[in-house]
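What follows is a set of notes on a single structure, which appears directly below.
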Amino acid sequence: MKYLLDTHVFLWSFLDTKRIKPKALKIIANEENEIFVSPISFWELAVKYQSKKLDLKGINILHLPHIAEEYNFTILSPEPYDYISIGQIPQKENHHDPFDRMLIQQAIRNDLVLISKDEKFPQYEENGLQLLWE
């Protein structure tokens, strides 16, 4: 199967695996699955790092794509439609985070199961989002 890691899950995969639910961790570790990381996550992390809202515990932010590759994660190559089709999913009243919405749209467009603990994400299942957090 093919999965897309939410930004926090990507970070936890190398900083704090104890925060990932066992089923999700097993899926991530299974070499038969293809695990994707979106460049949107790198952008989000860079913004949070620059604003001092993120502690990478001594890891150089410029090494994050290399870490993804070391873990055999595939960096998703977004297409222009991934960006402009964000309007195809409704903006929920309680959820305006553009990084999250892009990840949701990329998961839907690319038929990927999004691995996330975000409690606001299940409301997008009615729009075609496949979600996993167990």
Side-chain angles (χ1 to χ4, degrees):
M1 291 237 2
K2 296 180 179 184
Y3 298 87
L4 176 62
L5 301 182
D6 195 354
T7 305
H8 61 272
V9 179
F10 168 60
L11 276 180
W12 295 345
S13 70
F14 60 91
L15 287 179
D16 193 0
T17 56
K18 293 177 188 144
R19 297 183 74 176
I20 302 174
K21 295 283 187 175
K23 182 176 181 179
L25 195 57
K26 186 176 180 181
I27 286 168
I28 293 168
N30 185 340
E31 293 182 10
E32 292 181 18
N33 294 321
E34 191 167 7
I35 309 297
F36 289 88
V37 176
S38 173
I40 298 300
S41 290
F42 297 131
W43 179 30
E44 179 180 11
L45 293 169
V47 168
K48 289 181 178 181
Y49 183 77
Q50 184 179 33
S51 66
K52 310 248 188 273
K53 294 180 181 178
L54 175 65
D55 177 12
L56 289 174
K57 303 186 188 302
I59 294 174
N60 183 327
I61 189 125
L62 298 176
H63 292 153
L64 293 180
H66 301 293
I67 291 170
E69 291 170 358
E70 286 174 17
Y71 279 76
N72 293 317
F73 300 154
T74 302
I75 298 174
L76 188 64
S77 296
E79 297 180 14
Y81 289 104
D82 287 329
Y83 297 99
I84 61 176
S85 66
I86 193 169
Q88 300 299 309
I89 56 171
Q91 177 131 359
K92 307 292 184 175
E93 209 169 294
N94 66 342
H95 192 233
H96 303 284
D97 185 314
F99 299 113
D100 287 350
R101 296 188 74 240
M102 277 299 307
L103 290 174
I104 290 165
Q105 181 59 13
Q106 285 183 316
I108 292 169
R109 279 201 80 246
N110 293 285
D111 197 28
L112 304 171
V113 176
L114 183 59
I115 300 177
S116 176
K117 78 164 228 155
D118 194 309
E119 294 175 353
K120 294 181 180 176
F121 284 12
Q123 65 186 324
Y124 293 95
E125 290 177 318
E126 67 186 43
N127 303 106
L129 178 64
Q130 301 171 75
L131 187 60
L132 177 106
W133 187 253
E134 295 177 8

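All values reported here derive from a predicted model rather than from experimental measurement.
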Distance check, rounded to the nearest 0.5 Å: Ile35 atom CD1 versus Asn72 atom CG? 10.5 Å
Cluster overlap Leu129 with Val113, hydrophobic side-chain contacts below 4.5 Å: no
Could you pull out the closest heavy-atom pair between Ser41 and Thr7, with the gap in Å? OG-OG1, 2.8 Å
Are Phe42 and Trp12 connected in the hydrophobic side-chain network, where two residues link if heavy atoms are under 4.5 Å apart? yes
Say whether Leu45 and Leu103 are linked into one hydrophobic cluster, either directly or through other cluster members, by side-chain heavy-atom distances under 4.5 angstrom. no
Tyr71: ring pair (Phe, Tyr, Trp, His ring centres under 6.0 Å) partners, not counting sequence neighbours: Phe73
His8 side, atom NE2; Leu15 side, atom CG - distance, nearest 0.5 Å: 13.0 Å
Which pair of non-hydrogen atoms, one from Ala68 and one from Val37, has the smallest distance, and what is that distance? CB-CG2, 4.5 Å
At their closest point, which heavy atom of Gln123 faces which heavy atom of Glu126, and how far apart are they? O-CG, 3.4 Å
Which atom pairs, one a donor and one an acceptor, fall under 3.5 Å between side chains of residues 47-57 and the rest of the protein, sequence neighbours left out?
unit_1	atom_1	unit_2	atom_2	d
Lys48	NZ	Glu44	OE2	3.0
Ser51	OG	Val47	O	3.1
Ser51	OG	Lys48	O	3.2
Asp55	OD1	Lys57	N	2.9

How many angstroms lie between atom CG of Leu4 and atom CD of Gln130, to the nearest 0.5 angstrom? 11.5 Å
Side chain Asn60, main chain Leu62, donor-acceptor under 3.5 Å: yes
Run the ring pair (Phe, Tyr, Trp, His ring centres under 6.0 Å) test against His63 and tell me which residues pass, sequence neighbours left out. none
Given side chain to side chain contact (heavy atoms under 4.5 Å, CB included), test Met1 with Leu132 step by step and report yes or no. CA-CA 12 Å; Met1 291 237 2; Leu132 177 106; over 6 Å; no
Using ring pair (Phe, Tyr, Trp, His ring centres under 6.0 Å) as the criterion, list what pairs up with Tyr81, not counting sequence neighbours. none
Rounded distance (nearest 0.5 Å) linking atom CZ of Arg19 with atom OG of Ser13: 12.5 Å
His96: side chain to side chain contact (heavy atoms under 4.5 Å, CB included) partners, not counting sequence neighbours: Gln91
Can Leu114 be reached from Leu25 by stepping across I, L, V, M, F, W or Y side chains whose heavy atoms are under 4.5 Å apart? no
More than 12 heavy atoms of other groups within 6.0 Å of Glu119 CD: no
Knowing that exactly one of Ile27, Leu131, Ile20 qualifies, which makes a side chain to side chain contact (heavy atoms under 4.5 Å, CB included) with Ile115? Ile27
Check: Gln106 and Phe36 side chains under 4.5 Å, non-hydrogen atoms: no
Let me confirm one number: the CD1-CD1 distance from Ile89 to Ile104, rounded to the nearest 0.5 Å. 5.5 Å
Measure the CD-CG distance between Gln105 and Asn127 for me, rounded to the nearest 0.5 Å. 9.0 Å
Quick check: closest heavy atoms across Ser116 and Val9, and the distance to 0.1 Å? CA-CG2, 4.1 Å
Closest heavy-atom pair, Leu64 versus Phe10, reported as atoms and distance to 0.1 Å, is O-CZ, 3.7 Å
Indicate the ring-plane relationship of Phe121 and His95, choosing parallel, tilted or perpendicular according to the 30° and 60° boundaries. perpendicular
The complete set of salt bridge (charged side-chain N to carboxylate O under 4.0 Å, His left out) pairs with one or both residues in residues 94-118, sequence neighbours excluded, reads Asp82-Arg109
Tell me whether Trp133 shares a hydrophobic cluster with Leu112, the cluster being built from Ile, Leu, Val, Met, Phe, Trp, Tyr side chains joined at under 4.5 Å. no
Count the heavy atoms belonging to other residues, nucleotides or ligands that lie under 6.0 Å from NZ of Lys2, then report whether that count exceeds 12. no
Check whether any side-chain heavy atom of Ile40 sits under 4.5 Å from a side-chain heavy atom of Pro78, and report yes or no. no
